[in-house]
Q: 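Could you have a look at this structure, given as structure tokens, before my questions?
Atoms within each ligand, like the ligands themselves, are counted from 1 in listed order. Since the model is a prediction, treat every value here as computed from it, not as a measurement.
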Amino acid sequence: MSYENILFAVDAGVARLTLNRPDRLNSFNDAMHAEVRDALAKVRAEPAIRALLVTGAGRGFCAGQDLSDRAVAPGGAAVDLGASIERNYKPLVLSLRNLPVPTVCAVNGVAAGAGANLALACDMVLAAKSASFVQAFSRIGLIPDSGGTYVLPQLVGTARALGLAYTGDKLPAEQAAAWGLIWQCVDDAELMPSATALAAQLAAGPTRGLAAIKEALQRSGANGLEAQLDLERDMQRALGYGDDYREGVAAFVGKRPPRFTGR
Ligand code: T3D
């Protein structure tokens with residue numbers, strides 16, 4: 001598939017996916033959804049890809065759904081937004097969350113609506129100081145979708161989740177970091193160097209182990225302590241038979257940096 005709405009490149013084990021509709025603040029139309037789906041399938045299928053970096057072109061990260069594709073007006077015909085969620089946003093969030101490689105999001109500007117929650121579906125979120133997060137949905141009579149109602153209370157607590165969702169106010173990146181919504185806020189000029197270095201560091205890591213961390217943390221929400229302890233035992237057993245564990249221990253004992261292969 002050739003891409004017109006995203007950029008996709010792989011370098012040294014890191015896939016970089018750039019949302020590329022800057023004149024529309026990289027908002028989603030069906031074509032961009034299809035391209036992102038295709039790119040994420042490539043990331044999943046290619047063993048040489050060991051981390052994903054997501055960012056946006058231009059001054060914004062992503063403004064969610066392209067509202068100019070929603071020709072609705074009071075008294076006019078309605079659209080089935082559930083069908084759009086089922087076809088596009090739900091698979092997008094699930095495929096990011098289920099990718100067996102670490103995902104880093106570099107939020108270069110405003111992240112609004114599903115764009116904000118797309119960022120929050122990534123494992124580690126870095127944002128430029130000038131960026132902001134906007135749960136814009138209530139402004140058009142909707143609820144936070146793309147996992148917003150799920151991750152927001154987990155990340156910032158119910159009081160702040162409700163405030164963000166009710167008001168649709170812009171949350172500046174520095175405050176997002178202070179509230180624990182994201183990993184880090186950095187100077188604008190530092191965003192891409194920092195995010196690229198982080199993605200490269202993760203790509204050189206013990207990929208199977210990192211995938212297990214991601215899965216274990218995600219499952220902890222639904223598990224009780226005993227079930228989670230059992231999960232940790234089973235994952236640790238599997239990882240203990242892997243090459244990266246042996247390499248990690250040998251490197252520690254040999255006082256040298258590890259050379260993880262992701263196996
Ligand atoms: O529909 C379904 O499938 C259901 C699923 C929905 C998921 C969702 O994401 S619903 C939420 C949709 N998104 C929004 O409601 C956000 C709308 N945008 C904004 O609130 C603001 O634009 C921002 C807070 C993102 C940025 O504000 P600001 O002041 O920095 O920029 P701006 O001037 O408002 O926007 C710049 C341009 O981008 C402008 O176009 P123009 O005037 O220069 O020709 C604006 O219309 C355009 N733009 C921004 N967001 C969207 C958009 N065009 C289409 N769709 C957008 N979402």
Q: Salt bridge check, Lys214 against Asp123: does any charged N sit closer than 4.0 Å to a carboxylate O?
A: yes
Q: When you compare the side chain of Leu19 with that of Leu118, does any pair of heavy atoms fall below 4.5 Å?
A: yes
Q: Might you confirm whether atom OH of Tyr3 has over 12 heavy atoms from other residues, nucleotides or ligands at distances under 6.0 Å?
A: yes
Q: Need the ligand 1 atom indices (1-based, order shown) with element for anything under 4.0 Å from a heavy-atom of Gly64.
A: 9 (O)
Q: Could you tell me the residue and atom name of the protein heavy atom closest to atom 27 (O) of ligand 1, and the distance to it rounded to 0.1 Å?
A: Lys170 NZ, 4.2 Å
Q: Ignoring hydrogens, tell whether any protein atom lies closer than 4.0 Å to atom 21 (C) of ligand 1; use the non-hydrogen atoms only.
A: no
Q: Using a distance threshold of 4.0 Å (strictly less than), state whether atom 3 (O) of ligand 1 has a protein heavy-atom neighbour.
A: yes
Q: Can you sort out which atoms of ligand 1 are near Ser84, meaning under 4.0 Å from one of its heavy atoms?
A: 2 (C), 3 (O)
Q: With rounding to the nearest 0.5 Å, note down the distance linking CG in Asn5 to CG in Asn26.
A: 9.5 Å
Q: Look at atom 10 (S) of ligand 1 and say whether a protein heavy atom is found at less than 4.0 angstrom from it.
A: yes
Q: Taking atom 16 (C) of ligand 1 as the point of reference, which of Gly58, Gly113, Ser146, Ala63 owns the nearest heavy atom?
A: Ala63
Q: Can you confirm whether Arg87 sits close enough to Asp80 that some side-chain heavy atom of one is under 4.5 Å from a side-chain heavy atom of the other?
A: no
Q: Counting only non-hydrogen atoms of the protein, does one fall under 4.0 Å from atom 13 (N) of ligand 1?
A: yes
Q: Would you find more than 12 non-hydrogen atoms of other residues, nucleotides or ligands less than 6.0 Å from Asp69 atom CG?
A: yes
Q: Does the protein place any heavy atom closer than 4.0 Å to atom 41 (P) of ligand 1?
A: no
Q: Strictly less than 4.0 Å: does any protein heavy-atom distance to atom 44 (O) of ligand 1 fall in that range?
A: no
Q: Going by the atom numbers of ligand 1, which of them fall below 4.0 Å from some non-hydrogen atom of Ala136?
A: 14 (C), 15 (O), 16 (C)
Q: Which donor-acceptor pairs under 3.5 Å do side chains of residues 230-241 form with protein atoms, sequence neighbours excluded?
A:
residue: Asp230; atom: OD1; partner: Arg233; partner atom: NH1; Å: 3.3

Q: Which bit of Phe137 is near ligand 1, meaning a heavy atom under 4.0 Å away: side chain, backbone, both or neither?
A: side chain
Q: Could you see which bit of Arg139 sits under 4.0 Å from ligand 1, with heavy atoms only: side chain, backbone, both or neither?
A: neither
Q: Does one side chain, of Asn88 or Asp30, offer a donor that lies under 3.5 Å from an acceptor on the other?
A: yes
Q: Determine, using the 4.5 Å side-chain heavy-atom cutoff (strictly less than), whether Leu120 and Trp179 are members of one ILVMFWY cluster.
A: yes
Q: Return all side-chain donor-acceptor pairs below 3.5 angstrom for residues 146-171, not counting sequence neighbours, or 'none' if the list is empty.
A:
residue: Thr167; atom: OG1; partner: Gly163; partner atom: O; Å: 2.8
residue: Thr167; atom: OG1; partner: Asp169; partner atom: N; Å: 3.1
residue: Asp169; atom: OD1; partner: Arg139; partner atom: NH2; Å: 3.3

Q: Of all the heavy-atom pairs spanning Ala114 and Tyr89, show the shortest one and how long it is.
A: CB-CE2, 3.4 Å
Q: Measure from atom 50 (N) of ligand 1 to the protein's non-hydrogen atoms and state whether any distance is below 4.0 Å.
A: yes
Q: Atom 1 (O) of ligand 1: which protein heavy atom is closest, and how many Å away?
A: Arg70 NE, 2.7 Å
Q: For atom 8 (C) of ligand 1, which of Arg24, Gln65, Glu86, Arg87 has the closest heavy atom?
A: Gln65
Q: Do you know which of Thr55, Thr18, Asp188 makes side chain to side chain contact (heavy atoms under 4.5 Å, CB included) with Asn108?
A: Thr55
Q: Starting from Leu202, can I reach Val107 by hopping between I/L/V/M/F/W/Y residues whose side chains sit under 4.5 Å apart?
A: no
Q: Does a donor on one side chain sit under 3.5 Å from an acceptor on the other, for Arg59 and Ser130?
A: no
Q: Counting only non-hydrogen atoms of the protein, does one fall under 4.0 Å from atom 54 (C) of ligand 1?
A: yes
Q: For Lys90, does the NZ atom have more than 12 heavy-atom neighbours from other residues, nucleotides or ligands under 6.0 Å away?
A: no
Q: How does Asp145 reach ligand 1, if at all, at less than 4.0 Å between non-hydrogen atoms: by side chain, backbone, both, or neither?
A: side chain
Q: What protein heavy atom lies closest to atom 38 (O) of ligand 1? Include the residue and the distance to one decimal.
A: Leu25 CG, 3.7 Å
Q: Where on Ser27 is there a heavy atom closer than 4.0 Å to ligand 1, on the side chain, on the backbone, on both, or on neither?
A: side chain
Q: Consider every N or O of Ala114 and every N or O of ligand 1, then say whether any pair is closer than 3.5 Å.
A: yes
Q: Counting from 1, what ligand 1 atoms have a heavy atom of Tyr89 closer than 4.0 Å?
A: 3 (O), 5 (C)
Q: At a 4.0 Å threshold, what atoms of ligand 1 neighbour a non-hydrogen atom of Ala112?
A: 25 (C)
Q: Would you mind checking which non-hydrogen protein atom is closest to atom 30 (O) of ligand 1, with the distance to 0.1 Å?
A: Arg59 NH1, 3.1 Å
Q: Taking 4.0 Å as the limit for heavy-atom contacts, which would you say applies to Leu67 with ligand 1: side chain only, backbone only, both, or neither?
A: both
